[in-house]
There are 2 protein chains.
Amino acid sequence: MSKNSSLSHRVTNDLRRDIVAGILPPGAWLKTEELAARYAVSANPVREALWRLQGEGFVVANPNQGARVRMVDDDFVRNIFELREAIEPIFVRRFCQRATPEDLDRLRAAAADFATVAREQPTDFDALDAANRDFHSIMLEGEINVQAIEVMQRYAGLINATRAKLPIMPSRVRQRVAQHTEMVEAIVAADADAAARVAVDHIRAAGEDMLSQMRQVRLTGSRVARNQPARKDDLPAG
Amino acid sequence: MSKNSSLSHRVTNDLRRDIVAGILPPGAWLKTEELAARYAVSANPVREALWRLQGEGFVVANPNQGARVRMVDDDFVRNIFELREAIEPIFVRRFCQRATPEDLDRLRAAAADFATVAREQPTDFDALDAANRDFHSIMLEGEINVQAIEVMQRYAGLINATRAKLPIMPSRVRQRVAQHTEMVEAIVAADADAAARVAVDHIRAAGEDMLSQMRQVRLTGSRVARNQPARKDDLPAG
DNA sequence: GAGCGATATATTCTATAGATTCCTGATGGC
DNA sequence: GCCATCAGGAATCTATAGAATATATCGCTC
């Protein structure tokens, strides 16, 4: 697809992957020289990758001081989900207006797929996430507000990467299935208000669920096994 | 204030100023070498400035091909104002909750200031804009959703720069004064719903006004004298 | 002779290495 | 105990070399 085969792109992807995998944990300093050695490039592509990842929200940088992996704390999660609650209705409403019968069929099919995954692999985050993404991306296909899409997707990677490391509650998965169904029904009925309302509820529930799982992990210190930090020793320094 | 006195920051500011002033018009190619010569630095700070301005929305860049000043067309304006309509209510509602009597006094004073400017200098965009900014920034003072603020301010500079070159309708200025008053009243009454509604109307009116002025300028070819491109000859190439 | 495709050239972005500037923390003087 | 100065380290900048892309020219086919 996008064969952005420049060094800085490769470094961007590698760095993102390592952050997502937890090899570079939240708060870790991202020293240019260190990363340059790690990825076998010079300082410039690393700098550029850091810029890009700053744009994606993975990294926060201070002038003349260096960059670090962003801390995903409660405030941040709350802020992002609040933003999503504000923006998603735009997409849902417009999709209500423009959806063709074929679009509706595909949306229904995607909702069914998600329900299947939820039934058969209810604890597999990646599978659930992929199915969920398929469902929601249908609504973005003909969306004209590219700036709004950009905002919505900006922190999606980071939020998702963080969510992937948290436990999954079966009850919440069932709730998501129900909400998808509800949304499809509202859209089929061309009831934009109802669809937007469901979308907001959907996002709010997801946000509250994530916050509660984060609290849970903080309290119990538990951590889901999969996607664990692997080997921290890969890095020269701590 | 922010004494970001690195070369790339200086270039960022200079480049932004030149784009805002119209010396580098929308659509103009921003060649690294050319800009490096223009601002008497090497390619790297220019690259970095372009990254930053891409983040601010002034510039769009393609890999291995170059960057250009963003075109501000109708779609873009519509998208940005739609985003604002979605996000601004977040701020207004929360301000309603936390506003102290002192905050309300200052908001009232700012609204009065804007009204004064509107009466005495109704065609001075900069004065109106400054007063308007003062008014709205009061509501952002204690705002906790920094990501939402960032989104709101992202394209503000570019939109403002474009708006500054368009004509100002006295009737629209009067409408803005009235809307400010209305908003203050709703906030004083702690009626968050009403305040949010007024805010949305306010933004929608501003967006429609801007679009209609853009249409007007396109049709008549007229252009406001002040802030005109100055001298394009400053640039090596056309 | 006109249109199309391939090669060659020119332009521009991209990457490297070394020099420079800036920030941070530590040491010594007041 | 507090402030100024200095050393170490890291980010930033310059200059130059290396890729990638777009453009123009030439030759071929129809």
Side-chain angles (χ1 to χ4, degrees), chain A residues 1-16 18-19 24-56 58-70 234-238, chain B residues 1-19 24-56 58-71 234-238:
Chain A
M1 208 173 286
S2 60
K3 276 206 38 178
N4 284 322
S5 63
S6 80
L7 266 192
S8 69
H9 277 96
R10 187 172 69 69
V11 174
T12 306
N13 292 330
D14 290 355
L15 196 48
R16 192 195 296 109
D18 288 348
I19 292 174
L24 295 162
W29 285 101
L30 300 169
K31 299 180 195 172
T32 307
E33 202 180 352
E34 212 167 280
L35 296 175
R38 183 177 168 75
Y39 300 117
V41 295
S42 69
N44 243 355
V46 171
R47 257 165 103 60
E48 203 147 324
L50 288 175
W51 270 105
R52 223 166 302 198
L53 291 174
Q54 194 178 10
E56 295 180 23
F58 284 94
V59 164
V60 289
N62 309 65
N64 278 315
Q65 196 176 340
R68 39 199 326 190
V69 181
R70 183 191 291 272
D234 280 354
L235 262 189
Chain B
M1 207 174 287
S2 60
K3 277 206 32 179
N4 283 324
S5 63
S6 80
L7 267 192
S8 69
H9 277 96
R10 187 173 69 68
V11 174
T12 306
N13 292 329
D14 290 356
L15 194 48
R16 192 194 298 107
R17 176 175 45 69
D18 287 348
I19 292 174
L24 295 162
W29 286 101
L30 300 169
K31 299 176 195 172
T32 306
E33 201 180 353
E34 210 167 283
L35 296 175
R38 181 175 169 78
Y39 300 118
V41 295
S42 71
N44 243 353
V46 171
R47 255 163 105 60
E48 201 146 327
L50 288 176
W51 271 104
R52 222 166 302 198
L53 292 175
Q54 194 179 9
E56 293 180 24
F58 284 95
V59 164
V60 288
N62 309 66
N64 277 317
Q65 197 173 343
R68 40 198 326 187
V69 181
R70 183 192 293 272
M71 310 271 204
D234 280 353
L235 263 189

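We use all heavy atoms of the structure for the numbers below, so side chains are in, but hydrogens, waters and symmetry mates are not. Just so it is clear, the structure is predicted and the values come from calculations on it, not from any experiment. Convention: sequence-line order gives letters A, B, ...; per-chain numbering from 1.
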> In residues 40-51 of chain B, what residues come within less than 4.0 Å of DNA chain D, judged by heavy atoms?
Replying inline: B:V41, B:S42, B:N44, B:P45

[X] [atom1] to [N] [atom2], straight-line distance once rounded to whole Å:
X: B:E34; N: C:dT12; atom1: CD; atom2: P; value: 8 Å
X: B:L35; N: D:dT14; atom1: CG; atom2: P; value: 14 Å
X: A:L7; N: C:dT16; atom1: CG; atom2: C1'; value: 10 Å
X: B:R10; N: D:dC13; atom1: CZ; atom2: C1'; value: 12 Å
X: A:K31; N: D:dG8; atom1: NZ; atom2: P; value: 17 Å
X: B:N62; N: C:dT12; atom1: CG; atom2: P; value: 15 Å
X: A:E33; N: D:dG8; atom1: CD; atom2: P; value: 16 Å
X: A:Y39; N: C:dA15; atom1: OH; atom2: P; value: 16 Å

> Quick one: are B:L15 and B:V46 in side-chain contact, heavy atoms under 4.5 Å?
Replying inline: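 They are not in contact (no side-chain heavy atoms under 4.5 Å apart), so the answer is no.
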
> Are any non-hydrogen side-chain atoms of A:I19 and A:V59 less than 4.5 angstrom apart?
Replying inline: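 The answer is yes, as the side chains (C-beta and beyond) meet within the 4.5 Å cut-off.
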
Who are the side-chain hydrogen bond (donor to acceptor under 3.5 Å, both in side chains) partners of [X], not counting sequence neighbours?
X: B:D14; value: B:R10, B:R17
X: A:N44; value: B:N44
X: B:E56; value: B:R16

>> Under the rule for salt bridge (Lys or Arg N to Asp or Glu O under 4.0 Å), what residues qualify as partners of B:R68, not counting sequence neighbours?
In response: none

> Considering residues at least two apart in sequence or located in another chain, which fulfil the salt bridge (Lys or Arg N to Asp or Glu O under 4.0 Å) criterion with B:E48?
Replying inline: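 Salt bridge (Lys or Arg N to Asp or Glu O under 4.0 Å) check on B:E48 returns A:R47, B:R52.
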
>> Please encode protein proximity along nucleotides 17-23 of chain D as a string of B, S and -, counting only heavy-atom distances under 4.0 Å.
In response: ---SSS-

> So which heavy atom on A:V11 is nearest to which on A:A49, and how close?
Replying inline: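 In this case the closest contact between A:V11 and A:A49 is CG1-CB, 3.6 Å.
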
> Which atom names give the shortest non-hydrogen contact between A:A43 and A:T32, and what distance separates them?
Replying inline: CB-CG2, 3.6 Å

> Quick one: side-chain contact (heavy atoms from CB on, under 4.5 Å) partners of A:A61, sequence neighbours excluded?
Replying inline: A:Q54, A:A67

> Can you check whether A:T32 has a side-chain N or O nearer than 4.0 Å to OP1 or OP2 of D:dA10?
Replying inline: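 Result: no.
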
> Is any side-chain nitrogen or oxygen of B:S6 closer than 4.0 Å to OP1 or OP2 of C:dT21?
Replying inline: no

> Got a second to check how far B:F58's CZ is from B:L30's CG, nearest 0.5 Å?
Replying inline: 12.0 Å

If you restrict it to nitrogen or oxygen atoms, what contacts under 3.5 Å exist between nucleotides 7-10 of chain C and the protein, and what is each distance?
none

